[in-house]
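Taking it in order: structure first as structure tokens, then the write-up.
Quick note on labels: first sequence line is chain A, next is B, and so on, each numbered from 1. No hydrogens, no waters, no symmetry mates; every other heavy atom, side chains included, goes into these values. This is a predicted model, so every value here is computed, not measured.
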Amino acid sequence: MLEQREEIAKALALSLKGKLKQSQVLELLESPPSPEMGDIAFPCFKLAPLFKKSPAEIAKELSQSVKLPAPVEKAEPAGPYLNFFLQRESIAKQTISLILKEKEKYGKGGRGKKIMVEYSGPNTNKPLHLGHLRNDSIGMAVSNLLEATGNKVIKANIANDRGIHVCKSMLAYKLFGKNSSPEKAKQKPDHFVGSYYVLYNKKAGENPELEKQAYELLKLWEKKDRRVIALWKKMNGWILQGFKQTYRRFGSRFDVWFFESKFYDKAGPLIEQGKKKGIFSKNKDGALLARLEKYGLPDKTVLRADGSRIYITNDLALTKHKFEHFRLDQAIWVVASEQNLYFKQLFKILELLGFKWAGNCRHLSYGMVFLPSGKLKSREGRVVDADAIMDEVQKLAESEIRKREGGINKKELQRRASAISLGAIKFYMLKTAAQKDLHFKPKESISFEGETGPYIQYTYARAKNILRKAKEVSLQKLLFNQLKTSEEKRLINLLSQFPSIVQKASDALSPHILCQFLIETAEAFNTFYHKHPVIQAENIELKKGRLALVQATAHVLKNGLQLLNIEAIERM
RNA sequence: GGACCCGUAGCCUAGUGGAUAAGGCACCUGCCUUCUAAGCAGGGGAUCGAGGGUUCGAAUCCCUUCGGGUCCGCCA
């Protein structure tokens, strides 16, 4: 579609006798609201003052004067717009042949940058929860989109494995754990550790002494007390083992893991540098503050009064390490919107420290996930656990499959239900623009009907089903002159847009753009499916043309789903 | 007190300067002896939170205001 736009822009610029340059015309070109109105539209509003005529008159005159380039069949004025109709056959041939040739590569390409996407970022005191499902869905989809547009992507996870939150779980285990273990308790190891975090908060409510004890534990940890370190290693080992199971199941993958504990004391030189430059100075209580007020941001503590480190101390050192060790062009943090200010402060401090890559830091902020009862709060146990959600939706998917296919064997049932349930969860997390808050209602939010992951998966399975049943037909020497219904034209138009949609979603770091496109494409396919028989088409040429269209649609749906980290399955 | 985000039909969303505001859920009517009904076709339902401004043209940009959310020095 791109070349056609350029050809049209060239022809229009010629007719306009230099009033607008080709590049200016190209920018004005848009798509009409519905396919019956044409393929490419030129709005004439901007020309009205130049020609001192109404936009409608200009459109009419242009329709007669413009010399149509080869792929354009006709140009029709429609009020203030001039609409171009492309030759159906050449578009169909071009689009479908390209997809059948490129297959899983269709929509991908280009050359780009080296980008690190940091996402998930669990705390090692409690299991992954609903918020991580949104975070991971976005992190994976954005990574895939960036990769598809030619970037070298490094997916990173940061385990927040030190700090007071970790000491709280440790304290509860020390006091009440009686040397138990996940094996003895027959619990998934991260849930086992998390149960002590909940226990701590319950007991601390009754006995305020516990908080002091937790801070004492933190001090001992910072002094590298042998017994505390041993306990810390044991509990972190358990919880990471549990995280890895959950990540494997959900499909979250990481190329590199960072641990806060390995960076939190590496910031010494940066602290000194900041003091020298006058960016950091002590306040009257003795804490070291980054002075940011003159830049319109609140000051930020970088060292506690007792000299111990906090999270940003670690992040300063880690970010420097990221850019220098991995030679990044860009770093992206996928983190919820409650930390918007934190990242502004972090990036400003790095800029003030004089790192020229500070401008290549980007916070991909996404809205909070709320339960009907309010904000997720794991310390009160009021949280929707990630494993529990997956189990719940898995069960729903299994029962839907059983309704349709009673005799299915158990292994196959579980495999399909896994793909469908994860497709439902991920698509739900991705189809809304990231900055919007999400109000998660367990029963209503995850559905298999309407604008959902399973709807796209179902459409793909339908397409594959046709192809399976018609497998004896060769897709060589295709003729496209028979694909002339409006349903076929609409579908082909959509398929041709896929590469530019991928590029747009990647540029904007917005997977929801791709979700919306897949919904539209699936709708277009299903409409076509109901209206036009493929295998029973009136003649062999039409059948071959339609089979090619079905095959091309299947490729686009599969490629799109995979970018969203959702499995395309052959049967539902 | 300050900063940022959100507000589109009963509910969830897309559209962020251009043609009649586009879908899904829920509700109503049809369609399974024809490629999978997790589907399709059709129907009702919106003064795009409110008020002002800019523009030939505003859901979209600017100002004011209301409602919801988040954050604001030693949590992560």
Checking all strands, does [X] fall into the base, sugar-phosphate, or nothing category for heavy-atom contacts under 4.0 angstrom?
{"X": "A:Tyr215", "result": "sugar-phosphate"}
{"X": "A:Ala305", "result": "base"}
{"X": "A:Ile164", "result": "sugar-phosphate"}
{"X": "A:Phe448", "result": "base"}
{"X": "A:Asn83", "result": "base"}
{"X": "A:Ala433", "result": "sugar-phosphate"}
{"X": "A:Arg571", "result": "base"}
{"X": "A:Glu260", "result": "sugar-phosphate"}
{"X": "A:Ile519", "result": "nothing"}
{"X": "A:Gln516", "result": "sugar-phosphate"}
{"X": "A:His512", "result": "sugar-phosphate"}
{"X": "A:Ile420", "result": "base"}
{"X": "A:Lys46", "result": "base"}
{"X": "A:Glu520", "result": "nothing"}

Glycosidic torsion of B:G73 (syn if within 90° of 0, anti otherwise) classifies it as syn

chi for B:C63 classified (syn = within 90 degrees of 0, anti otherwise) as anti

Using atom [atom1] in both nucleotides, what's the gap between [N] and [M] to the nearest angstrom?
{"N": "B:G42", "M": "B:C48", "atom1": "C1'", "result": "26 Å"}
{"N": "B:A3", "M": "B:U65", "atom1": "P", "result": "12 Å"}
{"N": "B:A9", "M": "B:A26", "atom1": "C1'", "result": "12 Å"}
{"N": "B:G15", "M": "B:U60", "atom1": "C1'", "result": "9 Å"}
{"N": "B:C28", "M": "B:U33", "atom1": "C1'", "result": "28 Å"}
{"N": "B:G7", "M": "B:A46", "atom1": "C1'", "result": "14 Å"}
{"N": "B:U47", "M": "B:C63", "atom1": "C1'", "result": "22 Å"}
{"N": "B:G51", "M": "B:A14", "atom1": "P", "result": "24 Å"}

Checklist entry - How about A:Arg571: does its CZ atom have over 12 heavy atoms from other parts shown lying under 6.0 Å from it? => result no

A:Tyr200 six-ring centre to A:Lys168 NZ/CZ under 6.0 Å and within 45° of normal: no

Using purine N1 to pyrimidine N3 plus N6-O4 or O6-N4 for Watson-Crick, or N1-O2 and O6-N3 for G-U wobble, each under 3.5 Å, what pairs with [N]?
{"N": "B:G39", "answer": "B:C31"}
{"N": "B:A26", "answer": "none"}
{"N": "B:G1", "answer": "B:C72"}
{"N": "B:G7", "answer": "B:C66"}

Value in whole Å for how far the [atom2] atom of [N] lies from [atom1] of [X]:
{"X": "A:Lys504", "N": "B:G15", "atom1": "NZ", "atom2": "C1'", "value": "9 Å"}
{"X": "A:Gln435", "N": "B:G15", "atom1": "CD", "atom2": "P", "value": "9 Å"}
{"X": "A:Leu50", "N": "B:C56", "atom1": "CG", "atom2": "C1'", "value": "13 Å"}
{"X": "A:Asp437", "N": "B:C4", "atom1": "CG", "atom2": "P", "value": "17 Å"}

| query | Is there a side-chain contact between A:Trp232 and A:Asp161 (heavy atoms, below 4.5 Å)? | reply | yes

Would you say [X]'s side chain and [Y]'s backbone share a donor-acceptor pair under 3.5 angstrom?
{"X": "A:Asn160", "Y": "A:Gly121", "result": "yes"}
{"X": "A:Gln457", "Y": "A:Glu567", "result": "yes"}
{"X": "A:Asn83", "Y": "A:Ala78", "result": "no"}

Any donor-acceptor pair under 3.5 Å joining the side chain of A:Asp315 to the base of B:A76? no

d(A:Gln24 CD, A:Leu12 CG) to nearest 0.5 Å is 12.5 Å

Of B:C40, B:A76, B:A19, the nucleotide closest to the side chain of A:Ile310 is B:A76

For A:Ser120 and A:His132 the tightest heavy-atom approach is O-CD2, 3.3 Å

